[in-house]
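Accompanying notes for the structure given below.
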Amino acid sequence: MHELSIVEGIMRQAERQRGRHRFSRVKAVDLVCGPHSCLAEETLQFLFDAVTRATWLEGARLRVTRLGEPPPMPGGGEGAPAPDVAVYIRSLEVE
Amino acid sequence: MRKITVMERVLAADDAWARENRRLLAARGARMYELVGSPGAGKTALLERTILLLGGRPRVGVIEGDLATARDAERIRRAGVPVVQINTGSGCHLSAHAVHAALADLLSGRRLDLVFVENVGNLVCPAAFDLGEDAKIALVSVTEGDDKVEKYPLLFARARALVLTKTALLPHTDFRPAAAVRAFRKLNRGSPVFAVDSLAGSGLDPWIAFVRGGRPARGKARRPPRRSGAAGPRGS
Ligand SMILES: Nc1nc2c(ncn2[C@@H]2O[C@H](COP(=O)(O)OP(=O)(O)OP(=O)(O)O)[C@@H](O)[C@H]2O)c(=O)[nH]1
Ligand SMILES: [Mg+2]
């Protein structure tokens, strides 16, 4: 449902990471989400592919690990939403 | 190939905007309540009636979220308070960033005590996004079926109040308020439940007291309404 927002968030994060570490392509994105974040994986990949076509992010695979427990909240300061809805990027496989 | 550890929230940017909204509201001494419910649950109708009953105290402003049209904003304007409409296009929920722009607009040159945000009609997506609100308020109309609380648990787990709407229609439905409240209590122990009819104007006093009462009391339960108790819509 709100997968497009998540895709945009992944793209923003990938851009930031590229600014920090030098790499040219992303092979895979490892995502971690809690039991309530209601992410539809197929929709997510479909939208990601559509939005990143012909960009440097084209072809990256999204892998979602669904946790039974809420994911940890590194830096989850005041005002952060309850952890049960959070989606994290755990790591990027790049080259 | 190498692996870069990131461990950051995907929506970190949204969360930053939500924090910014909280900061702005705090600086202006205003609260923000977000109404979430299905299309047609009665969000705008509840706002219209609430504005009327509040009679200008606290000073209210409204942010309206819809995919298209400014119809709800027109209704709120007719009710006599400032309003900003956000059209999300295809977006199924408001974002903290869009709300920030609307909030800045609404608060510019104007003193408000309470901002209501009416999110896009949807029980799923708005539940997952923080807009910087003090409270998410969930609406369920009695024509939707009393299983909605159980079916869309995320919203109801996060809600700081539940409002059952259109209660004057109860005699024409199979909606069991007690079943809805029971399901709500399984997810949410502390938040109050209200049973109202915005058109008939019934059951609204406790709701208005809640709206006037400042910050919603966390973990302090108000008794859920009995089938005909606080609602009092039957025969009215
Ligand atoms: N009888 C009765 N009708 C209501 C009540 N609240 C809303 N309605 C009617 O239900 C319909 C939808 O109400 P709205 O207030 O527009 O609902 P909404 O949740 O704002 O809808 P969207 O913004 O489109 O998602 C309208 O025809 C209202 O008159 C209520 O408490 N009692
Ligand atoms: Mg509306």
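Throughout, protein chains are lettered first and strands after them, A, B, ... in sequence-line order, and every chain is numbered starting at 1.
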When every non-hydrogen atom of A/Ile10 is compared with those of B/Val10, the smallest separation belongs to N-CG1, 3.7 Å

If every non-hydrogen atom of A/Ser5 is compared with every non-hydrogen atom of B/Leu11, which pair is closest and at what distance?
->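 Of all heavy-atom pairs spanning A/Ser5 and B/Leu11, the closest is O-CD2, 3.8 Å.
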
Heavy atoms, side chains only, cut-off 4.5 Å: are B/Lys3 and A/Asp30 in contact?
->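 Result yes, sub-4.5 Å side-chain heavy-atom pair found.
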
Beyond-backbone contact of A/Glu8 with B/Asp14, side-chain heavy atoms, under 4.5 angstrom = no

Let me know if [X] has heavy atoms under 4.5 Å from chain B in its side chain, its backbone, both or neither.
| X | result |
| --- | --- |
| A/Arg25 | neither |
| A/Arg90 | both |
| A/Gln13 | side chain |

Identified side-chain contact (heavy atoms from CB on, under 4.5 Å) counterpart of B/Ile4 within the set A/Arg20, A/Glu93, A/His21 = A/His21

Within a reach of under 6.0 Å around CD of A/Glu95, are more than 12 heavy atoms found that belong to other residues, nucleotides or ligands?
-> yes

Check whether more than 12 heavy atoms from other residues, nucleotides or ligands sit under 6.0 Å from atom CZ of B/Arg110, and answer yes or no.
->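 Correct, the count exceeds 12.
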
Which residues from residues 45-64 of chain A are near chain B, with near meaning under 4.5 Å between non-hydrogen atoms?
->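 Residues of residues 45-64 of chain A touching chain B at under 4.5 Å: none.
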
